[in-house]
Amino acid sequence: MLVLLFSQDSNFTKHTDLPDLPACFQLSVLPWAPCIFLWLTSPFYIFYLKRNNRGYIMMSILNRIKTVLGLILWIVCWTDLFSSFHEMSQNQLKPPVYFVTPLVLGMTMLLATFLIQFERLKGVQSSGVLFIFWTISVLCAIMPFRSKIMNASQAEVSVLNDKLRFTMFYIYFGLTLLQLILSCFNEKPPLFSSVVTDPNVCPETTAGFLSKMTFWWFTRMAIKGYKSPLENKDLWSLNKHDSSELVVPNLLNEWEVEKSKAQSVSPEEEEVLLSKRKEARQPSFLRALLRAFGPYFLIGSAFKLLQDLITFVNPQLLRMLIAFTKQPQAPSWWGYSLAFLMFSASLLQTLILHQHFQYCFVTGMRLRSGIVGAIYRKSLVITNEAKRSSTVGEVVNLMSVDAQRFMDLTTFLNMLWSAPLQIVLALFFLWQNLGPSVLAGVAVMVLLIPFNAFIAMKTRSYQVEQMKYKDERIKLMNEILNGIKVLKLYAWETSFKQKILQIRQKELHVLRKASYLSALSTMAWTSAPFLVALTTFAVFVTVDVNNILDAEKAFVSLSLFNILRFPLNMLPQVISSIVQASVSLKRIQGFLSHDELDPESVDRRNNASEYAVSVVNGKFSWAKQDQAALDNINVMVPQGSLLAVVGHVGCGKTSLVCALLGEMEKLEGQISIQGSVAYVPQQAWIQNATLRDNILFGRPYAEQKYRCVLEACALTPDLEVLPGGDQTEIGEKGINLSGGQRQRVSLARALYSGADVYLLDDPLSAVDAHVAKHIFDNVIGPEGALKGKTRILVTHGISFLPQVHNILVLVEGRVSEMGSYQDLLKQNGAFAEFLRNYSLEDIIEDDDVTDLLVDDEEEEFPDDALSNHTDMVDNEPVVNEARRHFMSVCVLQVKLKVYWEYAKAVGPLLSLFICVLYGCQSATSIGANVWLSEWTNDALLNRTQDRVHMRVGVYAALGISQGVLVMFSSFTLALGKIQAARKLHQTLLDNKFHTPQSFFDTTPIGRIINRFSKDIYVIDEVLPSTVLMFLGTFFASLSTMIVIIFSTPIFALVIGPLALIYFFVQRFYVATSRQLKRLESVSRSPIYSHFSETITGTSVIRAYGRNTAFVLLSDMKVDENQKSYYPGIVSNSITMIIIFNPTYPKLSNASVTMSLNWMVRMTSDLESNIVAVERVKEYSETVTEAPWIVKDKQPPPDWPPKGNVEFIDYSVRYREGLDLVLRNISLEVKGGEKIGIVGRTGAGKSSMTLCLFRLLEAADGEIVIDEVKISEIGLHDLRSKLTIIPQEPVLFSGTLRMNLDPFEKYSEEDVWKVLELSHLKKFVSNQPSKLELECSEGGEKHKHLCILAMMAILTHKACALVFHPPLHRFAHRLNTIMDYTRVLVLDKGKIAEFDTPTNLLAQKGIFYGMAKDAGLA
């Protein structure tokens, strides 16, 4: 009917200089359009509001005005209706439309008024539905508004009889316009809203609909970021529904549902499942993700659908525009209208597209939060067996790389259905344009599908392989960084560096193969649209003589082919991303499906029993399939008693404590513990927090109790030395505390907890004898602070055994004896043998070895070295970790130097060649377009048939050469990216192995790992694809400009201002975007640091029941990171919205719009990702230590022949500007002498060992070993000739053999001899794999092998043996040096006494006092 109406009135509507719409159309379709919209959306909207109640908004003036206007509009509409009834009663017949339209409009106005009030009651501050309704109403009323004015100005008075309707319409128009203006303003926040209480709330929560659609709410931050660098305090709080608090539980609930579904299988089904499809019983993490995040994501999908449909409006408008240019008599207003409509369609398309992206990005962000949260929670409860298969490095990769893959996928996941839809629609319109010839193009696309599928499958297999190597590399890197001190002391850097480089080589080999595949894929998707166009045009002109390729057909088809290009390009990429994400999904699902520790394995119920701890017939192993580590364990510990657990190394003492904590697999028996538990592990676990926080461990602060705890644990003197007292921030792994201090803090934590049962795993091994005595007397012993509490003490301190109530003797995992000290001595069994062994210390003696026994509780740094850690404590009581991080953020613009560094890494000539290839590729693209333009001109000159073959041939040659050039440029870029990835990683690795120890002591490991994992991942994979896209869009933009200027020279005048606007907007938003990216990078490291810290302390966290607190802390760190990520994605979207370019009709405006917009987008992406190069370069250029080998100063191979050590007026400080820690030390030690070095805490004993190995360089004086000044030779030449046994030894993942002899210098006989000397031959012989025994990450389960790892080396190295005894009996520590040649007593960095032990005791000086404390004098 409408078509008929328009065809009849075409002269009235189109072929006139004053067009108008028919009255019927103005009275029906135009007023009904907004009504139909509102009635269709209202049910869904009302349902949504009922589900999402945000609170109640008080009636405001704005709300009252809107309501009153709505009611007036209803009255106005129905005045029209009653007017029609009145006329009918006067026998003036009117068409039905005069009754229907006012009735419908009136009802709709009542609905709108109802919605205004309903929204207020549900807390809606700005209504999108009503804004769109009022906008459509105003737009639909503009044409009648103009018509009525035209009619009034031309009409006679008789026509204006209908004054009432005329007046009512203008009142209606004015009121709808007023409603539209009012709907742009916001209501106040609802009562009791969280928005009111949050000091730094995100403005999006209170932004109006229009502001949200255009992201105007973000402008405030953009301006701030442009004027001055953004800091953490400038970031807005994360929206509640994006926070981990809501996101993670939601995902975990869905995962639990999945797990319970998988487990709830009936017996009949079970048989079928077992026989047919075992996989069906696996819970699906994908389904959990879809249920948790799918509904929100679908809103974005709806926006995408709308955008796809609008995309096809422009080619139809272009067809009309080209037709318009062919009609000289057509009115000019029609051309302007079409141009305006094209602009409006593009604008609307952009707005909708970015709403879609916003929903996708937020879904991705929530996915990452959910996955990281789920992995963190799981890592707190997995079994030891699961830990073996999922190392820290692997899990960090799950958190960083795999979670990131999901995040990246969500952005383009909708292309999975959108791309086929766009392809179908494009082909439909192409069929209309070119007929069946399109089938030739479809055939090309179908042929490309298997090619892309093959590439996707190969890529997947490479992906799996690459992730395996990446995990290996990160895992080994994590261990190297944790044990870097040991590597430096043993001069093992070269061996481990080679290991890393071997893994990296394999990783890059896989990456290279994947890159070549990617280059082929790029060629395929770049050439696909062209090949489709070529075959279609060629078939079209050759199949029929009457088929003429004119401008309309060619350019409308080209615009459709351009639309086709994006889905054809994206589909293989999306499939490839899905393939990568499926690998990640499998890995994450595997980790989340690991077995968990059974919380019920230890019975914690308070039974009225006299025994606080009881184990009945206990049998325990570290993993289900392992042999039992403890067997037939029966232990009853009465309430309030002190039980000592003793036995030889490796007999199962620590295993027993772990079993009591529920950390081991319980194969048989029952364990019961009454009340709460406090646990002190063998290796103290210290958090990166203040000293006080480490002791309180989440409990409220009570001054009196706290002071008593410090006093009992001998920590009060230490607080005086620490710069900030108990508010000093302790570095990662407690690096600014000595070994003894860490152990005492761990003990203080247990004491402060006020638990019922105390499990103390050798807590006195790391402290001095007199301190051990103080702690036993004041804390653990029968008169200590814990008297009346149940204590289980694992110990080697024989002197304390007479004071305990009961002693449990373990032999090879079984309880040998249990009873009081006197009872066991009388039995003369295993306990008596244990006493004899520990009374006679075996000291390895060798005539040509100088023994320096350091009786020391300090491992890393003594108290006098604390000033070294000004980075850590900043001389302030409390230092916020985040603030420290932000201080290190470089806020300057990414300098050109960084781009140049990357270009140098790729290779300057190769970089230039890549750019030239891209330039040539664009030149062929321009050539193809110009040639097509010439071809279409043939139609005008009627010489189409003569040149068909020539035209097709040249067009084909240009297109194919473009494809070949794309392939070449992609291949060279792939070569360049591998080269850059290798160089940047190599320089980073080289630098980190040459970096002084002080750097590792003051830099959290998470921060360094972040460089090796996330930043190297960006350089390997993300940055090259960004460069590829950037170069592609840059040259595409350039070629587009050239073609337009060539065809319309006047456009050159517009380009200058346009480029300036683009440049300014790009600078304005990219400045903020880049800073947000940097803040996001900086806030990412603490997530991994905290995770690594948690993993090492899981047993402590679980023992104290602090799981929830640590989960909250992790969530907080993730949210802190997302706080900078969220505005970052908005900033990215904004760069594309704000920049809007003029449309240009001749070429498809999409090519101009898309290329310029993508140009800006890719520039901002490039600047964001190049930050990774900057961060890697920053850590590749840190200060290095002295060279490992000085060629012209190498000592002879047999050096040192005698082992004479001489300190000449030696002084040392930890860093420039700090006090000396050793002052004017002068002493001489002859070869073969045994020297004991003693001194109170902080005397400088550790500093002497650090100086011998040149971990500290001299401030003054020299150390000479056998006439060679150690400061002149290479570090490896020095360190390889000295040996040290660290107090906290480190084992690396790998075989036992590798840990003993990483350079494979010694024969198997030598190694077995060493095992015999260290009393571990029996243990290793009993292992099935002997020397190939695998040591797990961190060597947690093989602690008893640590001595072995040291003893092995010391038997084969010369000169000095610097000894930090890890398992010596305290009272005998001084006893062991009583038969030494001489003893050196240090005090405050100076030599206080130096003589034979007998003479020193006679002098009654410092040494005498220490001996007296230890009960030896």
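All residue numbers refer to positions in the sequence shown, counting from 1. Nothing here was measured: the structure is a model prediction, and the numbers come from that model.
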Report yes or no: does [X] contribute a side-chain atom to a donor-acceptor pair with the main-chain N or O of [Y] at less than 3.5 Å?
{"X": "R1084", "Y": "N1121", "answer": "no"}
{"X": "D1115", "Y": "G373", "answer": "no"}
{"X": "R791", "Y": "I780", "answer": "yes"}

CG on L710 to OH on Y752, rounded to 0.5 Å: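 Interatomic distance, Y752 OH to L710 CG, rounded to 0.5 Å: 10.0 Å.
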
Regarding [X] and [Y], do their side chains bring together a donor and an acceptor under 3.5 Å, going by distance alone?
{"X": "N991", "Y": "T1182", "result": "yes"}
{"X": "D1119", "Y": "S243", "result": "no"}
{"X": "S1099", "Y": "Y679", "result": "no"}

I'd like to know if E1120 pairs up with K1123 as an ion pair, taking the criterion as any Lys NZ or Arg NE/NH1/NH2 lying under 4.0 Å from an Asp or Glu carboxylate oxygen.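 Between K1123 and E1120 there is a salt bridge, with a charged N closer than 4.0 Å to a carboxylate O.
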
Salt bridge or not for E479 and K475, using N-O below 4.0 Å?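 No salt bridge links E479 with K475.
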
Find out whether the Lys NZ or Arg CZ of K992 is both under 6.0 angstrom from the six-membered ring centre of F999 and within 45° of the ring's axis.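 K992 over F999 ring: yes.
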
Side chain proximity check, [X] to [Y], heavy atoms < 4.5 angstrom:
{"X": "F1253", "Y": "Q997", "result": "no"}
{"X": "Q743", "Y": "V680", "result": "yes"}
{"X": "D242", "Y": "Q1122", "result": "no"}
{"X": "I673", "Y": "T790", "result": "no"}

Do you know which two heavy atoms are closest between V677 and A755, and how far apart they sit?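 Result for this residue pair: C-CB, 3.7 Å.
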
Let me know which of N694, I686, L747, I730 forms a side-chain contact (heavy atoms from CB on, under 4.5 Å) with R742.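 The passing option is I686.
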
Could you work out, with salt bridge (Lys or Arg N to Asp or Glu O under 4.0 Å) as the rule, every residue matching E711, not counting sequence neighbours?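 For E711, no residue satisfies salt bridge (Lys or Arg N to Asp or Glu O under 4.0 Å) once neighbours in sequence are set aside.
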
Check whether more than 12 heavy atoms from other residues, nucleotides or ligands sit under 6.0 Å from atom CD of Q704, and answer yes or no.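 Atom CD in Q704 is not packed in, count stays at 12 or less.
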
Would you check, one step at a time, whether the test side chain to side chain donor-acceptor pair (under 3.5 Å) holds for Y376 with T1094? CA-CA 9 Å; Y376 184 86; T1094 305; 2.8 Å; yes

Run the ring-centre check on Y701 versus Y706 and record whether the distance is less than 6.0 Å.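 Yes: the rings meet the under 6.0 Å criterion.
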
